[in-house]
Amino acid sequence: MTRQATPGEPSIWNNVQGIAFGGDYNPEQWPASVRLEDLELMQEAGVNFLSVGIFSWALLERAEGQYDFGWLDEVMDNLAGIGVKVALATATAAPPAWLVRKHPEILPVTADGTVLGPGSRRHYTPSSAVYRRYATGITRVLAERYKDHPALALWHVDNELGCHVSEFYGEEDAAAFRAWLERRYGSIEALNASWGTAFWSQNYGSFDEILPPAVAPSTLNPGQQLDFQRFNSWALMDYYRELVAVLREVTPDIPCTTNLMASSATKSMDYFDWAKDLDVIANDHYLVAADPERHVELAFSADLTRGIAGGDPWILMEHSTSAVNWQPRNQPKMPGEMLRNSLAHVARGADAVMFFQWRQSFAGSEKFHSAMVPHGGRDTRVWREVVELGAALKRLEPVRGSRVQSRAAIVFDYEAWWASEIDSKPSVDVKYLDVLRAFHRSLMLRGVTVDMVHPSAPLDGYDLVLVCTLYAVSDEHAANIAAAASAGATVLVSYFSGIVDMQDHVRLGGYPGAFRELLGVRVEEFHPLLAGSQLKLSDGTASSVWSEHVHLAGAEAVQTFTEYPLEGVPSLTRRAVGSGAAWYLATFPDPDGIGSLVDRLLAESGVSPVAVADTGVELVRRRSADGQGFLFAINHTREDASVAAAGTDLLTGEPFAGVVPAGGVAVVAEG
Amino acid sequence: MTRQATPGEPSIWNNVQGIAFGGDYNPEQWPASVRLEDLELMQEAGVNFLSVGIFSWALLERAEGQYDFGWLDEVMDNLAGIGVKVALATATAAPPAWLVRKHPEILPVTADGTVLGPGSRRHYTPSSAVYRRYATGITRVLAERYKDHPALALWHVDNELGCHVSEFYGEEDAAAFRAWLERRYGSIEALNASWGTAFWSQNYGSFDEILPPAVAPSTLNPGQQLDFQRFNSWALMDYYRELVAVLREVTPDIPCTTNLMASSATKSMDYFDWAKDLDVIANDHYLVAADPERHVELAFSADLTRGIAGGDPWILMEHSTSAVNWQPRNQPKMPGEMLRNSLAHVARGADAVMFFQWRQSFAGSEKFHSAMVPHGGRDTRVWREVVELGAALKRLEPVRGSRVQSRAAIVFDYEAWWASEIDSKPSVDVKYLDVLRAFHRSLMLRGVTVDMVHPSAPLDGYDLVLVCTLYAVSDEHAANIAAAASAGATVLVSYFSGIVDMQDHVRLGGYPGAFRELLGVRVEEFHPLLAGSQLKLSDGTASSVWSEHVHLAGAEAVQTFTEYPLEGVPSLTRRAVGSGAAWYLATFPDPDGIGSLVDRLLAESGVSPVAVADTGVELVRRRSADGQGFLFAINHTREDASVAAAGTDLLTGEPFAGVVPAGGVAVVAEG
Amino acid sequence: MTRQATPGEPSIWNNVQGIAFGGDYNPEQWPASVRLEDLELMQEAGVNFLSVGIFSWALLERAEGQYDFGWLDEVMDNLAGIGVKVALATATAAPPAWLVRKHPEILPVTADGTVLGPGSRRHYTPSSAVYRRYATGITRVLAERYKDHPALALWHVDNELGCHVSEFYGEEDAAAFRAWLERRYGSIEALNASWGTAFWSQNYGSFDEILPPAVAPSTLNPGQQLDFQRFNSWALMDYYRELVAVLREVTPDIPCTTNLMASSATKSMDYFDWAKDLDVIANDHYLVAADPERHVELAFSADLTRGIAGGDPWILMEHSTSAVNWQPRNQPKMPGEMLRNSLAHVARGADAVMFFQWRQSFAGSEKFHSAMVPHGGRDTRVWREVVELGAALKRLEPVRGSRVQSRAAIVFDYEAWWASEIDSKPSVDVKYLDVLRAFHRSLMLRGVTVDMVHPSAPLDGYDLVLVCTLYAVSDEHAANIAAAASAGATVLVSYFSGIVDMQDHVRLGGYPGAFRELLGVRVEEFHPLLAGSQLKLSDGTASSVWSEHVHLAGAEAVQTFTEYPLEGVPSLTRRAVGSGAAWYLATFPDPDGIGSLVDRLLAESGVSPVAVADTGVELVRRRSADGQGFLFAINHTREDASVAAAGTDLLTGEPFAGVVPAGGVAVVAEG
């Protein structure tokens with residue numbers, strides 16, 4: 001843990017004023033006249049923070065050892081001149097053509113042996129010793145050159161590690177995997193026991209015999225698959241650490257980070273593990289335009305990011321002013337949506353709002369990705385909204401450093417996600433995030449803020465703890481959850497949780513082994529539903545995906561199945577535990593069913609909404625160290641909406657009159 | 001033909017008592033205490049037969065030449081001690097890691113050149129000389145060690161040959177393919193003529209120039225594709241024969257087999273050809289949970305297995321007690337379904353009921369596959385039903401060795417299946433099994449048992465012969481079918497039959513060349529239907545997939561097309577032939593249409609149901625050599641059902657009262 | 001430009017009489033007796049032109065340097081004997097097995113590195129120096145042998161260049177790509193600027209570093225992708241030119257061509273560029289059976305072919321008498337459809353009607369592809385229709401050499417097609433052909449013939465010019481289009497046109513940069529529609545796919561959007577320009593909306609239908625150099641239809657009575 005910030009204090013990750021505002025800046029794509037205009041426009045918009053040099057290696061080191069820093073010197077000086085701070089990149093996210101030509105062995109290899117070539121980006125494997133040598137080389141040169149530059153505020157290490165490719169199957173990866181396994185297990189006997197290699201004649205005589213789980217005739221050993229996911233997540237971070245070691249040596253006072261992609265779509269990296277090595281959490285987030293509830297997904301991703309940050313303020317390192325270019329149909333943002341998105345991130349803990357990118361490219365793969373300065377220039381809605389956002393963020397300076405607080409938690413574990421979605425499970429419809437996000441959504445719609453916490457985290461601050469599809473769990477983490485119930489919390493566990501230990505070994509004697517005692521139930525057999533089918537439960541609730549043969553063993557039935565062959569079998573149970581309670585949910589209710597259950601759980605646990613407001617208003621409260629509350633109220637409807645709150649709306653500077661206009665936002669400094 | 005059994009006599013493939021009962025036993029996955037409990041539970045369930053060592057190579061030969069038989073000695077001795085007989089495996093279905101590391105050239109290669117690696121199972125090509133050397137090595141060691149062991153009853157050679165991978169494209173496969181072709185054709189001129197290589201400049205100057213039909217710019221030569229399928233089926237069996245040669249040398253009195261996967265889903269192996277080399281037919285069968293008529297598919301597969309066995313009793317080597325783990329949604333079996341499935345197999349000729357596997361794994365790819373002893377242990381429905389099944393099978397001892405008899409036959413030919421589904425046909429909707437299974441289903445629903453026979457089989461025992469989609473047929477086999485009609489049988493031929501000879505050469509002069517004379521029709525042109533479209537026929541029947549321009553040439557029209565451009569063209573014809581008749585079906589009627597046609601064919605041929613019963617009761621009769629009939633009545637409904645039969649219900653020991661309870665089974669020893 | 005014909009004069013590409021008639025002839029697949037019968041049948045049908053030897057290399061050169069011309073000598077002599085002229089192939093479309101075995105480096109390689117092997121056809125890359133050496137070798141031998149043969153009328157160079165594989169990723173292709181780039185750009189700096197390699201660190205230090213855009217972690221540089229498409233189109237033609245150089249040297253008086261596949265399905269070859277090297281345009285066309293408007297697609301493809309031919313008569317080198325074998329469901333042609341198809345091609349400029357193939361194969365990949373002589377022989381509808389067609393074409397001799405004329409043009413550019421469909425665009429639903437074909441269809445249904453013209457073509461002959469989805473356009477071509485409007489034409493530009501230059505660089509300052517001034521609009525941002533959604537426009541028209549934020553800047557709004565967030569924004573605009581007008585269409589109206597717009601454009605431009613006729617009659621007029629008009633009226637309905645025309649119906653030799661029978665055709669020599 002190298003995190004250097006103190007909670008509640010101004011973050012050290014930049015020394016800019018107020019909520020940071022800016023984006024990726026790629027001046028190398030533009031002529032001098034445009035770069036000059038950039039400086040004016042940045043001042044007009046109130047930009048104070050930029051990421052520079054992310055994809056600049058080929059122009060900084062034009063051939064091996066031939067450096068060209070002239071353009072970057074000028075950019076850094078000019079930015080310093082207008083008071084903009086810089087997150088300077090290590091420039092390593094895309095190796096130059098000369099390096100690929102000299103060392104094609106740095107290229108990533110897929111599961112079927114295909115080598116992924118250059119011509120796009122991220123064409124290297126993090127386990128390549130050669131690549132690491134060159135990457136640390138350019139990193140050191142950059143660090144030495146700019147270590148004393150007044151614009152330098154943060155190191156942006158590489159970029160979106162694990163994007164596009166997050167599993168690496170080359171020979172050097174295989175060797176690194178073997179070494180990692182040897183460190184993990186110590187002996188080959190321990191590995192054989194963990195992977196259950198007695199099955200299908202998979203026993204290994206030595207670590208040398210092990211390969212990555214590449215294409216094979218049939219399904220691969222699940223222990224091997226799970227460890228390979230762990231290894232790949234580790235290998236990316238290990239590469240990060242090697243670059244950071246150089247930076248810490250040269251610039252010990254400059255914090256380091258890399259931009260995560262925490263969201264419902266990123267599965268391969270264990271960001272809770274990664275967080276230990278980041279001085280500040282930075283995240284990139286993009287809406288899925290086709291999702292009519294995309295602001296709900298945004299809230300989930302932002303809450304997850306705050307969870308990864310351990311509650312500390314974080315940087316929104318990238319989002320978009322309008323359309324992206326990589327979805328099938330790239331709808332632009334609606335009027336006001338960019339402001340709502342930006343302030344929703346701030347509401348949920350961001351102290352910086354940044355975009356990809358400053359100026360929309362005229363060439364290359366992302367030329368139809370929106371930017372702060374669009375193709376159409378200043379006479380556009382996008383530019384006007386950028387200027388408006390800059391002004392708004394300036395007014396939110398008091399919010400900076402404050403923290404979101406919550407009495408409800410959802411347990412989140414990337415390892416459980418990985419394990420639960422390896423092949424050969426009872427049903428492909430069991431997806432780690434589905435039940436979890438259904439609860440998150442239902443709580444959000446009710447104005448209840450929820451923290452996403454790792455199963456190892458202390459749970460004593462929470463009155464409501466939700467454990468969803470936590471297929472794999474260690475004894476220790478299961479005990480942590482049980483202790484929360486004993487201590488008075490309402491704990492709900494959903495089906496397909498606690499089935500295996502962290503070696504993916506089934507806990508025998510009846511499911512869900514890790515929580516059987518806590519919950520007071522014993523499940524005899526799973527009854528996943530066929531595609532498209534639904535069940536009616538005893539109270540009329542509709543459910544899908546899953547049912548199972550539950551026996552009571554201490555719990556009471558709250559709700560039952562009604563259909564053959566499970567008529568009368570419990571579908572929802574409750575057991576009083578210590579001063580709390582443990583609920584078990586054995587099916588996936590529809591949104592109304594989830595809502596009713598959430599109401600019940602909120603009532604029992606005493607967790608209440610942040611504020612009272614009309615439907616469609618997103619509500620979150622940040623609170624500063626001195627107790628000042630800031631209520632964010634974001635109106636996602638196209639009608640004005642009432643919010644019961646009193647204080648000053650920081651965005652207007654006026655007393656808050658109880659109404660948030662259609663599509664608008666209020667940030668009420670309460671009291 | 002090395003089959004050693006005499007029909008009607010007790011089979012020699014095991015020397016267990018009654019109907020054999022058991023499953024795959026993998027004790028190497030478990031500690032000693034569990035292995036001890038196994039012995040108790042086996043006795044409780046009445047297990048008397050187990051397959052052992054299928055995936056044990058890596059634990060038997062832990063490094064090259066370093067054997068560890070201690071655990072297997074103990075298992076064999078313990079099983080012998082409780083009277084359980086063993087089908088001992090050659091352990092060759094998954095090469096150990098040390099062998100793959102030393103000889104990666106044994107790995108299978110796909111059509112696009114991808115090498116399939118280790119980490120799952122079946123990662124070898126049967127044409128690898130190195131692999132054969134090692135596989136015969138471990139086989140010989142096992143045979144020598146256990147040749148006199150009292151538990152040894154049968155050799156289980158390798159496992160599910162052709163599963164996962166059944167086409168092999170490596171260099172050694174190519175060489176074996178060339179050698180096979182040279183033996184088949186004798187001269188390159190004969191091959192060129194057979195494959196029609198004058199088309200697209202594909203002429204070969206010598207066998208050395210030939211490659212497997214791997215990925216190419218466009219569609220590959222169909223003769224080459226067909227021969228490659230023949231070759232691959234042969235290569236797997238040739239490997240089998242090499243292992244069996246060792247076993248016969250060491251243990252001449254122990255029969256040998258390998259477990260087939262005969263069903264609607266297995267296409268690549270010509271099991272009618274394979275049967276010649278198996279001492280007893282063994283089959284694995286798994287339900288498709290999402291199929292509401294999965295018992296109909298089971299009946300088809302069991303009838304096909306009996307056909308492959310030439311009517312002899314066979315071993316159901318694997319099925320499941322409940323859910324499997326490899327379908328998208330693995331629904332468990334319903335209460336009583338395992339018993340119905342098991343006895344349906346027995347009804348259709350099985351003298352052994354075995355499961356994968358004895359005890360459900362706690363690790364590995366198949367840990368969510370049901371077993372005889374589930375994760376939940378003895379206090380489960382599955383275990384109780386296993387014990388019940390064991391008792392039922394004990395009561396069916398009189399059935400053992402009896403044979404199913406039928407007066408109706410469906411002609412089945414894997415080569416015709418292969419040829420009919422090679423690319424570049426008139427319609428992708430023409431699937432070999434579709435019409436065939438529609439007739440099988442319709443006959444089954446009417447209580448008529450049908451044999452699946454190879455076109456080379458004598459047909460004189462049959463009054464009704466169905467020839468469905470027999471696209472490719474030899475002159476000799478076509479004559480065999482025609483002779484059946486002349487001799488009095490009702491023969492029906494469906495569209496896209498008799499189109500080509502076994503070289504895939506079109507029989508010119510009008511379709512269906514091989515049956516034109518027999519049927520008295522001439523087809524001028526095919527009119528396959530567009531996706532999703534349907535036709536109305538003259539009697540109101542709906543049909544799909546196919547129509548064609550049929551001219552009468554001796555036959556009479558029974559039914560006609562009604563739509564442009566085929567208004568008035570015959571869709572169903574009949575020609576009196578000798579003392580029989582030949583019908584031609586030129587379209588694919590819907591189930592009602594198939595049903596009406598079946599009624600007509602049954603009336604004409606005089607073939608009648610096994611018994612009279614309520615709808616939903618599956619009926620089959622086995623008859624012993626001494627004439628004793630055993631009527632199996634399996635009630636697939638959730639209501640009690642009447643069956644007109646008299647005698648003793650073997651399952652209860654009581655006189656059969658004419659009613660089979662909801663979901664139940666009766667086995668009536670008639671008379 | 002080596003084209004040797006003079007417009008309006010009898011073409012030089014064959015010296016056959018009248019409209020040429022015949023097909024691919026593959027006598028090497030048949031015994032002598034059949035080849036003898038062929039000669040009789042050809043005379044019965046009136047065949048006068050055949051393509052010979054297309055896939056004969058392996059039988060002409062049976063091993064390296066071992067030639068066997070006996071069979072071809074006989075065929076050529078026999079055809080000469082009955083007056084049939086021959087398009088003799090270079091036989092290079094499928095290298096023989098001996099050549100592949102000796103030189104596997106000639107095989108094509110795909111983007112993921114897979115080598116495409118032999119066994120089908122077209123298994124070579126055009127950039128292989130070895131392959132070119134062998135291909136020019138066999139070409140020279142053939143040319144020398146048959147240079148004075150009386151049957152020789154045309155060289156058929158290779159076959160369907162670019163079919164199956166049109167992108168080549170091997171090492172020799174990479175080298176050729178680099179050399180092509182060096183010629184194109186001169187300096188690496190120019191390439192870097194053009195490709196925008198400052199993005200994603202893609203800068204190149206030298207041409208040696210460049211690779212084809214093979215598989216990579218993410219999207220590839222769009223400039224590289226576009227140039228790779230240009231290169232591949234060029235490489236195929238460069239190979240063609242090398243073969244033609246040999247032919248011109250040996251037989252300077254024999255014209256050369258290769259059969260294109262111009263249609264809605266062929267994208268990879270720039271046929272407008274290719275046309276410069278062809279002495280006569282030859283095209284292959286196949287219907288999509290499942291398309292209920294397949295005659296509309298045929299008309300589009302034929303018009304495109306005529307455009308490629310610059311308006312000169314062309315050869316329909318292949319189509320089918322009935323079903324093909326490569327679609328999912330190969331429906332045969334309906335009665336009369338082959339005649340309608342054939343004469344539709346003639347109506348739109350074909351002076352030859354040829355088929356694949358003369359006699360239906362009994363073996364090989366295409367044995368279920370229809371032919372002039374079907375499997376069923378002479379007593380078939382297909383053969384009777386072939387004979388009928390032969391007679392009809394003989395009667396159309398006066399039409400030969402006449403030309404189609406039109407006052408409406410659609411601009412067509414393969415480079416714009418390529419550029420518009422590279423990844424990372426605003427919407428995957430924007431397909432180059434969709435709007436273009438919607439306008440073509442609407443004009444065709446109204447009896448208006450339209451020319452397909454390259455944006456570089458003179459537009460002064462046109463009163464109506466449609467510019468659809470011309471995403472990429474050069475300044476020069478944009479000026480050509482603007483000049484047409486100034487000169488009096490009605491010009492319509494549809495959305496996503498003029499967005500980039502030919503380097504795929506966005507034209508900044510507001511879309512559509514290249515046409516902003518002409519159209520008098522400025523588009524601020526794209527609003528592509530989500531999947532399946534529709535819009536209502538101000539006049540009630542429904543539209544889909546696209547909307548955008550249009551500002552008027554000189555134009556007037558004709559129609560507007562009505563839905564949030566674009567209420568009131570123009571969806572269709574018009575600006576008076578010089579003596580003409582420039583329209584802009586900012587969405588994709590449904591067929592009725594396109595129809596209304598077409599009516600409006602026709603009225604404004606004064607373009608009128610070819611003739612007045614009932615609905616469902618296709619109308620085209622060819623006119624000979626002396627002014628004689630030939631009105632083709634093709635009745636696609638199953639009812640008789642009226643056509644207002646006077647003159648002699650060439651097909652009957654009688655005065656045209658004003659009615660075209662159901663499913664029939666009239667060719668009225670007017671006056």
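All values derive from a computational prediction rather than experimental measurement. In what follows, every chain begins at residue 1, and chains take the letters A, B, ... in the order their sequences are listed.
- Here the side chain of B:Ser201 pairs a donor or acceptor atom with the backbone of C:Ala58 at under 3.5 angstrom.
- With hydrogens and angles disregarded, no donor-acceptor distance shorter than 3.5 Å links the side chain of B:Glu209 to the backbone of C:Arg101.
- Both the backbone and the side chain of B:Leu508 come within contact range of chain C, each with at least one heavy atom under 4.5 Å from a heavy atom of that chain.
- If you measure heavy-atom distances from C:Glu366 to chain B, the contacts under 4.5 Å come from both the backbone and the side chain.
- Neither the backbone nor the side chain of B:Pro213 comes within less than 4.5 Å of any heavy atom of chain C.
- Both the backbone and the side chain of B:Phe526 come within contact range of chain C, judged by heavy atoms closer than 4.5 Å.
- Proximity to chain C is absent for every atom of B:Arg507, based on heavy atoms less than 4.5 angstrom apart.
- The main-chain N or O of B:Leu220 is never found under 3.5 Å from a side-chain atom of C:Ser120 such that the two would form a donor-acceptor pair.
- Looking at B:Leu529, the atoms closer than 4.5 Å to chain C (heavy atoms on both sides) all sit in the backbone: N, CA, C or O.
- At distances below 3.5 Å, not a single donor-acceptor pair connects side-chain atoms of C:Glu28 with backbone N or O atoms of B:Ala198.
- With a threshold of 4.5 angstrom between heavy atoms, B:Asp208 approaches chain C through its backbone and through its side chain.
- In terms of modelled atom types and a separation under 3.5 Å, the side chain of C:Asn330 and the main chain of B:Lys425 share a donor-acceptor contact.
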